[in-house]
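A note on names: the letters A, B, ... follow the listed sequences, proteins ahead of strands, and every chain is numbered from 1. Computed from heavy atoms alone, side chains included, the values below leave out hydrogens, waters and symmetry copies.
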Amino acid sequence: MKGQPGNRVVPALALLALASLWGLDFASIQANRIVPGTGLGLVAALGPAWALSLSGLLLACVVPAVASSRSMLVWVGLLLAQFPLSLAWVAHQQISAAMPHARVGLGAGAWSLLFLLGLMLIDVQQRLRLPRIGLLGIGLGLLLLVFLVASLGWLEPLALMREYQTRRSQFIGALYHHLGLVAATVSCSLVMGAALVVLINRFPRAQRGVIGGLSVIQTIPSLALFGLLLAPLSYLSSQFPLLQQLGVRGIGWAPALLALIAYSLLPIVRNTSLALHAVEASVIDAAQGMGMGPRQVFLQVRLPLAMPVIIEGIRLTTLQAIGLTAVAALIGAGGFGTFIFQGLGQSAMDLVVLGALPIILMALLADSLFSLLADHWRGARDHD
Amino acid sequence: MKDVRQAAWRWPLLWLSLLMAATVGLPHFEAALRVIEPGARAVIYTQAPFGGLLVEHLLLVAAAAGLSIALGVGAAVLVSRPWGKDFLPLAGQVASIGQTFPPVAVLALAVPALGFGALPTLFALTLYGVLPILRNSLAGLRGIDPAVLEAARGMGMSPVQVLWQVELPLALEVIIAGIRTSVTINIATAALGSTIGASTLGDPIIAGLVNGNTAYVVQGAVLIGLLALTVDSLFEWLQVGAATPSAQPART
Amino acid sequence: MIELLNVSKTFGTTLAVDGISLKVEAGELCALVGTSGCGKSTTLRMINRLCAHSAGEIRIEGQRIDQLDPQVLRRRIGYAIQSTGLFPHWTVARNIAVVPRLLGWPAARVRERVEHLLALLELPAEEFAGKYPSQLSGGQAQRVGVARALAGDPDILLMDEPFGALDPITRESLQNELLRIQSQLHKTILFVTHDMDEALKLANRIVVMEKGRIVQQGTPGALLANPSNAFVENLLGGQERGLKQAGLQQVAALMQPLGTAGTRVEGLCIKACDSVRQAISIMLWQRCDRLSVVDGDGIQVGILYLDSLVRRGAP
């Protein structure tokens, strides 16, 4: 690291974090669910000692020598780790057992800090050239810490926690619905996508039509597609009692699944057929020349080489499905979207956050896992 | 090549005429719509004229697009200058990671910050719309053959002239593709804005879902679908037109 | 003309150019030769301030370049590089017109200049003016690059291995082009190359660089006759020197002229303006020890004897 120009990103981010911490509310207290909250500045929320030590940690990151060194990873880790602890401390300071309905909400300052810490982490990971799995590890570690602190009951008075506690079974239900719908979507579209790719292979002229048709569907906003499926499905369901028994109705999981599969097909079909065709002719030539039969060439050469791009297609599909499932809550498909729209309807912001946060976390997790998978596949291929 | 260009303008025209026809003509299809929803009192959505909703929807998307382009392209230019290079890796990663967030989550989270109505919708649309544009602008600017930039500097072009006359024109095709992605996503997300109080083409759909009136839903869906197809085919036409015969030479 | 006085360039802790002093006279084609990493490209780029020099002084026509606005300076200097750097989104004509337009020339003058240069570089305007760089072959692209460098009518031309990426046949043809153009225009040219043969062919003066320092400078003949050390000798081709020196000499200088008017020669002969090296090659191939020398019309003007080439005391 000798002779490297100073890192200006981390000091800039740290200064911004300090500004938002001291300038914005760190937390807010609500006497109960309905009453609007009163904001608390940094010192009011955390007390002077904690506030100063937190600021001290951030100030250290502004120092150029620290900002450019490998130890930056430790500093960011510490700052992230103190986050749930700070929240617990606020809860402890501000709420006593005598106020069972009072709750602590995160203020703009806290959210900004979290966001800026995330940016710092990304920058440090890039600069130190850490493998992606490092980011995933740190993220999971933080989640684990949050679970730990929560299980100790220290985060009870947090507004988010209160909402969660009152709806625990609903939350679990939403989780299952959401994951179930995403999993069903991805698996069905994988099967159908594979079939379509085989079709395109057999009839090359069908390619433009298939991809074109799927692209048209992709362009239609999801809300519209859900809406368009309502009428035919409710008609079908009224005509065929068997469908009704299966739970297929105009609203609910049926139109959601159909629309989700329709949206999921394009990334999978396009990526897969592109990848399979893009395998270098010379490699196929060599394989055939060595005496491999068509099935062996496909399974042992073409498919493995195309895998990274195929995985990328599945990654895109999964991310899209997670987001669209949230929208499908509007047509009664369940999932975390229900919390979002319920919260919006009741003007209960913490309910909205309770719905939005898991969705974002799921998306980030899925993204990391698939990227790791793709990297692993690519790496294995390159090192053979 | 000429055939593609000539044919490309036909699609936008087709979708646009269908869109206009639907906007004006849907209320006349009462009989057909009654088939879908025989039980409801009102079959045609009358809370607001379709034309008005269309214009509001377009305004939101256009305003967000304008802001996103300025921010996205601007940020990409700034971080690709010698003095901004420190922030380049961060910008690239943020653009990638940000796109994994589902748009509906960003929209929902805008409400605690900015309340209900058109403002949080615009905010969320802009925020989410910046990402594809930023990503593509970065890719476009970095994909330019360094020899071309060296030649431009060596011939005496000032840094601003190099940016305006060489870098941006060469990156334009990729940037437009990014704008297309951004606008397409935003048309869909703007429809969701109806749930947070903005007035868009999503209104009939939400109203229909809330009241159990399928006819409303179909009307809204048809209009948004046609709008999306029109805008997308317009971009296709734009991209075909912008593609000059000068394919970029591959970097050796 | 260009003057470098004790110029150095440091990149971090590496000394890329170490106190070189060089003078290129007006109208001269000076070649900077050396192996990769010797600092020749860096030296070139310091002259048009694409790279700022760390120490020393660089003057162009007596003016210090660090006192001039860099963009103004660069518009006065033609710059041609190996990968051409042609702007892919502009036609050939628009590419060539870049510097004239930057200088604010009126449109008519620009158009005239573009046509003149296309003709000079033997690229018919009707065919090439509207083409895009991706539609050109390597040789054609490099010609456009040279035309573009000449467009603003600069007195000085900086060329950084412009013919390095071309196949040998195209390279030779472009080298001949350059010699022809130089004989017409008499620009001051600083030409970087790693190919000693190219330098010997094109340059009035050669500057040999190694590890950021100038090892020797002089005319091609002087270098061949007296290389200052083993490195230069090696660069000159070691044992090939004899042939290279012969490549610099014309047959006319070493032939035995005919006393009387000559007649048309049928069969084996060599032109008076060809090089002695070509003559030796023919003699080896044909296993003969003499050749008839003819002029441009095929009329004999003398005889070249193999003996005379190896006799001591010959020029």
Within-4.5 Å side-chain heavy-atom neighbours: C:Ile77 and B:Met155:
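They are not in contact (no side-chain heavy atoms under 4.5 Å apart), so the answer is no.
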
Are any non-hydrogen side-chain atoms of C:Arg45 and B:Glu150 less than 4.5 angstrom apart?
yes

First locate atom CH2 of C:Trp90, then atom CG of B:Leu170, and finally report the distance between them rounded to the nearest 0.5 Å.
8.5 Å

Kindly say whether B:Gln165 contributes a backbone atom to a donor-acceptor pair with the side chain of C:His89 at under 3.5 angstrom?
yes

Flag, side chain of C:Arg74 to backbone of B:Gly154, donor-acceptor distance under 3.5 Å:
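It does not hold such a pair.
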
Does any heavy atom of chain B fall under 4.5 Å from the side chain of [X], the backbone, both, or neither of them?
X        : answer
C:Thr84  : backbone
C:Leu102 : side chain
C:Arg94  : side chain

Would you mind telling me which of B:Ala152, B:Pro169, B:Ser158 has the largest number of heavy-atom pairs within less than 4.5 Å of chain C?
B:Ser158

For the CZ atom on B:Phe50, are there more than 12 heavy atoms of other groups (residues, nucleotides or ligands in this structure) within a distance under 6.0 Å?
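Result for CZ/B:Phe50: enclosed.
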
Return yes when atom CZ of B:Arg81 has more than 12 non-hydrogen atoms of other residues, nucleotides or ligands closer than 6.0 Å, and no otherwise.
yes

State, to 0.1 Å, how close B:Val148 and C:Pro88 come at their nearest heavy-atom pair, and which atoms those are.
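Shortest heavy-atom separation between B:Val148 and C:Pro88 comes out as CG2-CD, 4.0 Å.
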
Write down the atom of C:Gly85, the atom of B:Ala151, and the distance for their closest heavy-atom approach.
O-CB, 3.5 Å

At a 4.5 Å cut-off on heavy atoms, which part of B:Gln161 comes close to chain C: side chain, backbone, both, or neither?
side chain

